[in-house]
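What follows is one structure encoded as structure tokens, with my remarks underneath.
Just so we're clear, the structure is a prediction, and the values are computed from it rather than from any experiment. Per chain, numbering begins at 1; letters A, B, ... match sequence-line order.
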There are 2 protein chains.
Amino acid sequence: MARNVEFDEEVAIQKAMEVFSEKGYNGTSLRDLTDAMKINSSSLYNTIGDKQELFVRCVKHYTEIRKRDLQKRATSAESPFTILVNYIHDAVAEIVSGAESCMTVKAAFEVATNDQRIKDILKEDSEYSYQFICSHIAKAMEKGEISSEEDPQLLADYFISTWTGWNESYILYKDPVKIQRMANYFIKQLSK
Amino acid sequence: MARNVEFDEEVAIQKAMEVFSEKGYNGTSLRDLTDAMKINSSSLYNTIGDKQELFVRCVKHYTEIRKRDLQKRATSAESPFTILVNYIHDAVAEIVSGAESCMTVKAAFEVATNDQRIKDILKEDSEYSYQFICSHIAKAMEKGEISSEEDPQLLADYFISTWTGWNESYILYKDPVKIQRMANYFIKQLSK
DNA sequence: CCATTTCTGAAACAAGCATTTCAGAATTAA
DNA sequence: TTAATTCTGAAATGCTTGTTTCAGAAATGG
């Protein structure tokens, strides 16, 4: 016997995510958010909650997209090594596209230090990527696609760290070639 | 015929730096700053300037410390490779000490995106490290200390990226061993 | 169409923000 | 000591912040 919510929550979260991603958590005001989401603050507080809650939802939304992407890649018919290489190249492409790619990285440095909830979400996201990379390196080794005898866990950790740095490099230098060269070097390390 | 400034500017900047480093630029209020610096806001505005200016001074202060550190290392009597290895180990030690080590990294992700001045300071800092690493790798190769035939410039870029990621890893996992293993892997890569 | 429930928009809220003001204390040099 | 100058502390500034309120519009099921 009553009215329904007027706005599409997922669309609104997506918009909020873009703003947070550009300006950071503390650099984003509630006005910025409600403007982008095209809703009134009362609606926001009635449905999603306060600013913190919205940020959590945004980070979760983003990590879920990444998770689904990895799940899709894992079911690919390609060989483990090819899956890995494609993944790395797409990661580079996302960085140099200048999109809101580095949301998790930005959140890690700005918010995770003092916010356990965000830290936990980011850890879960990081661990999922870790498992993906780790298992595919291991499989590729078994198949003989990778000649490196290094520990897959170490290589996975190493890739994740390096990837974070690529984001910083691109913020400072906006040089796609720099990132591509580093990615190629990492791939090369796997195969020798 | 007049009074002098009462507080030691360098000490005050150092204190401000620690606060910024912990809470980020937007997460730090002027109260936080004046409390830590133990000065009144009027004194701050009369000597250093506004919040932005203070932040610039803090980042500069931090990068100058790093520069002096590298200059000292460069004049060491040790071999190029030893200088590099010491540098890398000390970089790890600084991260896992949990100090304000990642000030530049945090600033890169939170502020540099939308602040050209900060971006320029960070680029200069990054380029100085780059030159240091690059030249020492090249020298170590000439002396036969490093067997990798990879481009020193690529390796330097790669190290800087990786180092950024170590900071994130330590924020999320607080696991010193993880960082140490990655550092050892990088060093190993140089010598094979 | 009606009664009920829920959502929305605009305004109001107090608290916090960065910044400025200014009287008076402190220091200086003569 | 005195006169000139500069620094400091506390208060006030106006603006922005995140959040709440509430009257009225809108949708719902009967």
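For the pair A:Lys178 and B:Tyr130, the cation sits on the ring face: its NZ or CZ lies under 6.0 Å from the ring centre, inside 45° of the axis. A cation-pi contact, defined as under 6.0 Å to the ring centre and within 45° of the axis, links A:Lys51 to A:Tyr25.
No donor-acceptor distance shorter than 3.5 angstrom exists from the side chain of B:Tyr45 to the backbone of B:Asp50, with no hydrogens or angles considered. Side-chain atoms of B:Ser43 do not come within 3.5 Å of backbone N or O of B:Ile39 as any donor-acceptor pair.
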field: Evaluation steps, side chain to side chain donor-acceptor pair (under 3.5 Å), between B:Asp120 and B:Gln116
entry: CA-CA 6 Å; B:Asp120 288 340; B:Gln116 189 62 43; 3.0 Å; yes
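Going from atom CE of A:Met37 over to atom C1' of C:dT8 covers 15 Å, rounded to whole Å. Distance B:Leu44 CG to C:dT21 P: 16 Å, rounded to the nearest Å. What separates CG of A:Asn46 from C1' of D:dT20 is a distance of 10 Å, to the nearest Å.
In DNA chain D, the stems built from three or more successive Watson-Crick or G-U pairs (distances below 3.5 Å) are C:1-12 with D:19-30, C:14-17 with D:14-17, C:19-30 with D:1-12.
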message: Using a 4.0 Å heavy-atom cut-off to protein, can you give one letter per nucleotide of nucleotides 13-20 of chain C, 5' to 3': B if the base is in contact, S if only the sugar-phosphate is, - if neither?
response: ----SSBB
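For the salt bridge (Lys or Arg N to Asp or Glu O under 4.0 Å) criterion with A:Asp69, the lone passing option out of A:Lys72, A:Lys67, A:Arg73 is A:Arg73.
Once rounded to the nearest 0.5 Å, the distance linking OG1 of B:Thr162 with CG of B:Asn167 reads 11.5 Å.
Around NZ of A:Lys38, the count of heavy atoms belonging to other residues, nucleotides or ligands within 6.0 Å does not exceed 12.
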